[in-house]
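The structure appears right after this line, and notes come after that.
The residues of the chain are indexed from 1 along the displayed sequence.
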Amino acid sequence: MKKEIFRAAVLVFTFLFLVSCSSDDDAPDPNPVSIQNDDENIDSFVWRAMNFWYLYKADVPNLQDSKIDNTNEYRKFLSTYDSPENLFDDLLTKNILQGVQEDRFSRIVDDYIALEQSLNGTSKNNGMEFGLVRISNTDDIFGFVRYILPSTDAEAKGVSRGDIFNRINGTQLNLNNYRNLLFGLDSYEVGFSAIENGAFVPTKNITLVKTEYTENPIFIAKNIEYGGQKIGYLMYNGFTFGFNKQMNDAFANFKNDGISDLILDLRYNGGGSVYTAVALSSMITGNYTGQIFAKSIYNQDILDIVSNQDNADEFLNDRFLDNIITDFDNNTQEPINSLGLQKIYILTSRSSASASELVINSLSSYIDVIQIGTETSGKFQASRTLYDSGDLNREGANPDHTYALQPLISKISNKDDNTDFINGLTPLVRFSEDFQNMGTLGESNEPFLNTALEYIVNGAALATKKQGTIQFELIGNSKMNSSSYQRMYIDTYKSNVLK
């Protein structure tokens with residue numbers, strides 16, 4: 001893909017956007033009113049960005065174009081909100097789809113620097129990646145360690161996968177305090193426990209410190225000999241554009257080693273770059289270059305603009321690739337290392353979201369996708385970062401604040417128009433991870449991985465063992481407070497093209 005692909009369409013976008021927000025009413029009003037609104041400039045940015053790009057604009061009366069017909073009334077409207085956040089929340093659709101809120105994922109942030117770092121895989125992190133569960137019929141919460149990031153404080157202090165904790169700084173975690181205790185502090189004491197006869201018994205306390213850390217989403221990439229077969233295993237924990245080359249290198253190793261099957265472990269992958277999802281899928285297959293991978297559906301205003309462009313197809317469709325961009329700034333590309341597979345085994349959980357679901361849904365139009373685990377999150381919409389500038393891109397952003405939006409701007413379907421799976425994608429083989437029997441990631445006897453290996457070799461999965469005595473509900477994980485959590489975004493590559 002080249003930068004030039006979208007330039008013509010974008011010129012029209014920018015022109016019509018500026019026209020829509022620069023009516024005759026923007027001239028000095030002959031009867032101006034005095035309005036006290038310290039956030040008026042930010043509020044106006046929020047409204048015009050949502051008015052132009054929001055996927056569900058048609059469902060929100062306060063986002064209709066007529067809202068700016070009268071400048072004084074428009075300014076009064078903005079002044080009724082005591083913060084940009086409250087205005088943004090009021091501009092979101094309240095529609096319910098299949099019993100679930102249709103927009104659970106649009107976000108506003110007051111620090112787009114931190115947002116950009118998060119999208120690049122960088123955050124303050126102590127290295128303890130965990131799941132959070134609520135004990136049934138109580139407000140109490142406990143966490144279980146899913147994996148430990150290398151070269152972090154948690155690794156240095158001996159925290160291990162499967163460790164259980166229920167106290168932070170001596171306070172029992174519950175629904176009311178866990179966000180402040182786990183995500184509001186850079187250093188805290190973790191109270192670990194063992195479960196004995198259904199009760200938590202304290203075992204040790206460890207103080208963990210967060211530092212700036214960039215996570216490599218390729219957590220494990222290895223070949224496994226099992227049942228006389230050579231099977232590739234990739235535990236991939238985030239669709240991070242900056243690690244495209246490392247992902248392509250991993251597939252080169254799979255290809256050179258002549259694997260017969262591939263297990264793609266997305267159980268902890270909350271999503272990320274659409275482009276990287278297309279690239280990963282192209283590495284898995286390699287037989288469909290140029291064919292439609294996914295389709296994007298925008299609000300009617302955007303669709304009306306796009307339909308008049310010669311390159312509408314390139315804007316509305318993502319297609320399988322034969323080259324991958326490894327460095328956008330220097331336009332560095334390299335051939336994709338593809339495996340030519342006609343079947344893929346994908347491990348999922350409720351933490352598998354957005355771009356993870358995109359891969360499953362889109363590949364299913366072309367090859368056999370054997371989904372093993374539980375239902376996924378149910379995130380089929382994409383967002384992009386919008387800044388307070390004339391064309392809502394990063395360049396020229398208002399220096400007086402660092403607010404940015406990540407609203408849902410499109411929903412994505414596969415080639416066969418399947419979308420709106422708001423309750424998640426259903427597995428073919430059901431398996432739930434047991435926090436009391438986690439196993440070692442990447443080892444063939446790790447229960448989740450072993451389920452997939454057995455299915456590949458023997459055509460059937462082993463029966464899931466009954467879990468422990470404590471009944472629980474998964475409510476989140478260590479990444480849930482990140483501004484990039486469960487995002488499927490039009491990443492830096494495509495956003496830069498759209499200007």
Side-chain angles (χ1 to χ4, degrees), residues 131 144 146-147 161-162 218-237 247 250-269 280-281 283-288 337-352 356-357 359-377 414 421 424-468 474:
F144 60 97
R146 288 173 159 176
Y147 61 99
R161 171 172 164 82
I218 304 163
F219 191 70
I220 300 173
K222 63 183 292 187
N223 295 328
I224 299 172
E225 296 277 355
Y226 193 85
Q229 294 182 219
K230 187 178 288 187
I231 301 168
Y233 173 67
L234 176 63
M235 185 169 213
Y236 188 58
N237 293 334
M247 182 171 66
F251 274 79
N253 292 333
F254 289 142
K255 188 174 183 178
N256 292 336
D257 289 340
I259 64 171
S260 61
D261 298 279
L262 177 66
I263 298 170
L264 176 61
D265 192 342
L266 302 177
R267 72 180 96 167
Y268 305 141
N269 192 318
L280 172 62
S281 300
M283 293 173 194
I284 292 168
T285 59
N287 301 321
Y288 307 103
N337 297 308
S338 57
L339 301 179
L341 296 176
Q342 289 300 308
K343 182 180 291 186
I344 181 72
Y345 302 85
I346 302 182
L347 309 188
T348 66
S349 73
R350 275 296 185 187
S351 295
S352 308
S356 291
E357 295 168 294
V359 168
I360 298 168
N361 189 41
S362 293
L363 279 179
S364 66
S365 293
Y366 292 92
I367 67 175
D368 292 333
V369 177
I370 310 301
Q371 183 183 336
I372 301 171
T374 67
E375 283 80 7
T376 57
S377 175
N414 64 10
F421 42 87
L425 297 170
T426 303
L428 176 67
V429 179
R430 187 167 294 279
F431 181 88
S432 297
E433 193 164 52
D434 182 358
F435 67 88
Q436 295 184 78
N437 181 31
M438 301 285 282
T440 301
L441 290 173
E443 296 299 316
S444 60
N445 60 357
E446 188 262 311
F448 211 146
L449 174 56
N450 187 258
T451 299
L453 292 170
E454 282 291 321
Y455 191 88
I456 292 171
V457 173
N458 298 315
L462 297 177
T464 302
K465 294 181 179 179
K466 186 177 180 180
Q467 296 190 343
L474 184 68

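- Considering only heavy atoms from C-beta on, T376 stays 4.5 Å or farther from S356 through its side chain.
- Partners of L339 according to the side-chain contact (heavy atoms from CB on, under 4.5 Å) rule, which considers only residues two or more places apart in sequence or in another chain, are F251, F254, K255, I259, L262, L341.
- Contact of the L441 side chain with the F219 side chain is registered, since non-hydrogen atoms from C-beta on lie closer than 4.5 Å.
- Once rounded to the nearest 0.5 Å, the distance linking CD of E375 with OG1 of T348 reads 8.0 Å.
- Using a distance-only test at 3.5 Å, with no hydrogens or angles considered, a donor-acceptor pair links the side chain of S260 to the main chain of K230.
- Residues D434 and P447 have side chains not in contact (no heavy-atom distance under 4.5 Å, counting atoms from C-beta outward).
- Closest of all the heavy-atom pairs between Q229 and D261 is NE2-OD2, 3.3 Å.
- Shortest non-hydrogen contact noted between I218 and A221 is CG2-CB, 4.1 Å.
- The ring-ring contact (aromatic ring centres under 6.0 Å, His included) search around F421 returns F380, not counting sequence neighbours.
- None of Y236, Y345, Y233 except one satisfies the side-chain contact (heavy atoms from CB on, under 4.5 Å) rule with D265; the exception is Y233.
- For E446, the salt bridge (Lys or Arg N to Asp or Glu O under 4.0 Å) test picks out R161, R267, with sequence neighbours left out.
- Considering every non-hydrogen atom in both Y226 and S444, the closest pair reads CD1-CB, 4.0 Å.
- A452 approaches L347 most closely through the heavy-atom pair CB-CD2, 3.8 Å.
- Taking every heavy atom of both residues into account, A252 and N337 meet most closely at CB-ND2, 3.3 Å.
- A donor-acceptor contact under 3.5 angstrom links the side chains of E454 and N458, judged on distance only.
- Without hydrogens or angle criteria, N237 side chain to Y268 main chain gives no donor-acceptor distance under 3.5 Å.
- Each of I346, L363, L234 was evaluated against I284; a single residue qualifies, L363, per the side-chain contact (heavy atoms from CB on, under 4.5 Å) test.
- Rounding to the nearest 0.5 angstrom, the gap separating the CD1 atom in I263 from the CE atom in M235 is 12.0 Å.
- By the 4.5 Å heavy-atom criterion applied to side chains, N287 and I367 are not counted as neighbours.
- Of all heavy-atom pairs between S351 and L474, the closest is OG-CD2, 4.3 Å.
- Between I344 and V359, the closest side-chain pair of non-hydrogen atoms is not below 4.5 Å.
- The structure places CG of N253 at 8.0 Å from CG of N223, a figure rounded to the nearest 0.5 Å.
- Taken to the nearest 0.5 Å, the CG atom of L449 stands 9.5 Å off from the CD1 atom of I372.
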